[in-house]
Each structure stands twice: as structure tokens, then as C-alpha cells.
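Reading through the C-alpha cells given below for one structure.
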There are 2 protein chains.
Amino acid sequence: MALGTDYDGQDCSLARALELVGERWTPLILRDAFIGVRRYGDFLDHLDIPRAVLAARLQALVDAGVMARQRYQDAPPRDEYVLTAMGRDLWPALHLLSQWGERHLSEQGPRRVYTHLPCGSQLQNGSCPACGAVRPEDVEVRPGPGAAQTRTDAVSVALREPHRLLEPLRTP
Amino acid sequence: MALGTDYDGQDCSLARALELVGERWTPLILRDAFIGVRRYGDFLDHLDIPRAVLAARLQALVDAGVMARQRYQDAPPRDEYVLTAMGRDLWPALHLLSQWGERHLSEQGPRRVYTHLPCGSQLQNGSCPACGAVRPEDVEVRPGPGAAQTRTDAVSVALREPHRLLEPLRTP
DNA sequence: CTCCTGAGTTCGGTGAATGAACCTACGGCA
DNA sequence: TGCCGTAGGTTCATTCACCGAACTCAGGAG
């Protein structure tokens, strides 16, 4: 944000959570991470976020244990950012907020459709009508009728095909 | 934040939602509204938020249709801010984020305990294990073992007793 | 008439976000 | 050996939102 950064006097777990994942850009970074974005450059291209802010947010998320930085290639050395268990646990909250946006702010119908792969049904209210709670890795995203397809960055293009959450996105 | 204010190029319902309810302070204002806070002065005392920011946020929420401003007294004229249906629909998302904070950031156990009044069971993962989805007006909040009770503003004091969500808080 | 309360608005100072330019490490290639 | 390209950052001046104290305003109450 500019969300200052903290909410000192609040004895409230929501305030604590927001200090960590409520800063400007952070929820979108996490959404991208669930989608399968892992590399600094891909976050950068897809979010149009200032480089310094992205670096600061990723560092804060790693420090807090929401994401982890891990080597995926040695020559040249390259790291990627992946969600930890604590980070993956954010999925229901993030997904429900996104669905609220779809319900109340999308004119053209849903921009993305979420399917529970084990049973094939579409998610409702953040869970599977048939199976109950879902794990993000069992969910597939697909563009819906409200999708715009105006962006041409590598991540947006890759997302025009159906894609399983948390699976690394193949970018050129 | 400072959360700037918008996320222009993002074709994503999460970005749209965040432009509305992701600004600094806004989630805490909404949490208070669910708790039953309705008056400008009560928000002010409970949140320690700058007056100008509170006024701007409430106005934005009213403009967006998330809250409504209604007269509750004519002499002198006084208005209160209450959640609309669109606003009340945010409860699952807000509650899940708060629960994530409880699970991962509360050292002393939960600060607040949520009970589904019709059946008496405690909420898990944002819904009732017995009944499924819950409406906020059917939920009771009570301080839990991790509650601090350090604040002495009227709202915090009123919340030391069990309280039904959305019910107006009685402040002196 | 004066004081008090609730609900804001105004305004100078501060700190975070922004974006362009720069830096660094490494590999490939001529 | 030198040069170029790429990925992943850091630096820095500017802009903008937040902050908080002071002020305003409307309407009772005494």
C-alpha cells in the first residue's frame, strides 16, 4: 500500500495478518504465487509493480515464513519464490475475496473459473459443493466469460490455457 | 498501507476487490462494522485511525455500496454506518483471513472465539462443522485465551462480554 | 449567551510508493 | 581476453498518501 505498515494498538489477529499480507501489492503477489508464478521477472511482468517494491515484499514474505526462496538452477545461480505451508494456508481467504469481487464487481460474468479436479465440480463459496474443503493443488483455473485477454506478458498468455494451481507456469 | 489506491492493468477480480476493500484501514473498519460498530466516533476510538482517513474510507465504502449511511436520530441529526448486503457478503473472506492470523500469528491461543448460535458449535475454517455456511448475524464472538484486554476504549470494553455479530454495540 | 458534543475538514510534516537509471554476477561467444 | 546479454536486484529524486493536531460547524443543554 501505501498501507503505512502496521496497526500497533490492535489486539486482533486480523490486524496481525494484515501487517503481513495486507500491504499494497502483497495479495496480488500471493495470488500470482498460487497461480504458479515463481520468478522475480515473471512477477514483475505480470504485476507492473515497481522493482524495489517487489523485492521488498518478497523479502518480507520470506522473512515471515509465508514464502521460501529456493535455488532452481546453479549455473548461473537462480532462485525462485514458492509458497510455504503457511502461505498455502492463505488460499481460502484469498480465493473468497476474489470470488466476492467476481460476484459484486464483474460486469461480464466471471473472469476465471475454478474446478475441483478430483471430482470435476466448480468451486462455490471457496469450497467444493461435493467434497467440502479443497487444497489449491487440486484446483484448476480456466479463463471465464468475463476474461479480457488484453495483457500480453508471458504469465497472462500462459493463463489463457487451463492450469493447475501451484504448478509452475511455463514461461518462455 | 499506504496502498496507493488502484491496480490499473490487472484483469483480475481480486485486484478490483482490493481497490475497494484492500486500502489501509479498510479491512479493520469492516471488521468493526461486523462486530457492531456503527458510529464515526466509535470507529475512531477503537481503531486509532486519523480522522481524515476514516472519513475518506467510510465515504468510499458508502459510494461503492458496501456500507450505507442512515439517520438514527433527528435532534441533533446523527447518522450511522451499517453494512449493506454486499458488505455482509464479505464476512467469510474477512473471517478466514482473521482465522489465518489466529493459526499462524497468535502465540497465546485464539484472541476471539466464534460460536454458531443456532447449533452452539464453534466455527472451523470459516464455517460451522455441523451446519455448513453461516450468516454473520448467527455468530457470537467471545474473548478467547489469547485476548489481551489492554485497550480501554468503549468498543473494546463492550467486547469483553459475548456479543452477537452485526448487533449494534452498546457504548456509553 | 455560552458551553459541550459529535462529526467532520484543513493543513503542514513525514514516510512509503513510483519509475527510471544504475549495478552486479554469470555465461556465451568471437 | 574482451564484449554482449540476461536475471535479479539497488539507488535515488519525485510524488502521493498517511499522519495528527488544530480548526470548523451544527445543534442541543444550561
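Chain letters run A, B, ... following the sequence lines, proteins first and then strands; every chain starts at 1.
- Between A:Tyr81 and A:Phe43, the ring planes lie perpendicular to each other; the angle is over 60°, past the 30° to 60° tilted range.
- Closest to the side chain of A:Arg78, from the set C:dT9, C:dT5, D:dG8, is D:dG8.
- In this entry the distance linking CZ of A:Arg39 with P of D:dG8 reads 7 Å, nearest Å.
- Residue B:Phe43 is out of contact with every strand shown, counting any heavy-atom pair closer than 4.0 Å.
- Criterion: ILVMFWY side-chain heavy atoms under 4.5 Å apart, direct or through other members. Under it, B:Leu105 and A:Leu61 are part of a common hydrophobic cluster.
- Here B:Arg69 reaches the OP1 or OP2 of C:dG8: one of its side-chain N or O atoms lies under 4.0 Å away.
- Between A:Asp45 atom CG and D:dT6 atom P there is a gap of 13 Å when expressed in whole angstrom units.
- Dashed line: the shortest gap from a side-chain N or O of B:Arg57 to OP1 or OP2 of D:dC18 is under 4.0 Å.
- Residue A:Arg51 is the one, among A:Arg51 and A:Asp74, whose nearest nucleotide of DNA chain C lies closer to the 5' end (criterion: closest heavy atom).
- Closest to the side chain of B:Ala55, out of C:dA7, C:dT9, C:dC26, is C:dT9.
- Ring geometry for B:Trp100 against B:His104 counts as tilted: the plane angle lies between 30° and 60°, on a 0 to 90° scale.
- Dashed line: the shortest gap from a side-chain N or O of B:Tyr81 to OP1 or OP2 of C:dG8 is under 4.0 Å.
- A side-chain donor from one of B:Thr115 and B:Arg142 sits under 3.5 Å from a side-chain acceptor of the other.
- Checking C:dA17, C:dG19, D:dG28 against the side-chain heavy atoms of A:Ala52 singles out C:dG19 as nearest.
- Distances from the side chain of A:Pro76 to the nucleotides D:dC19, D:dG28, C:dC26 place C:dC26 closest.
- Nearest to the side-chain atoms of B:Tyr72 among the listed nucleotides D:dC19, C:dA17, C:dA7 stands C:dA7.
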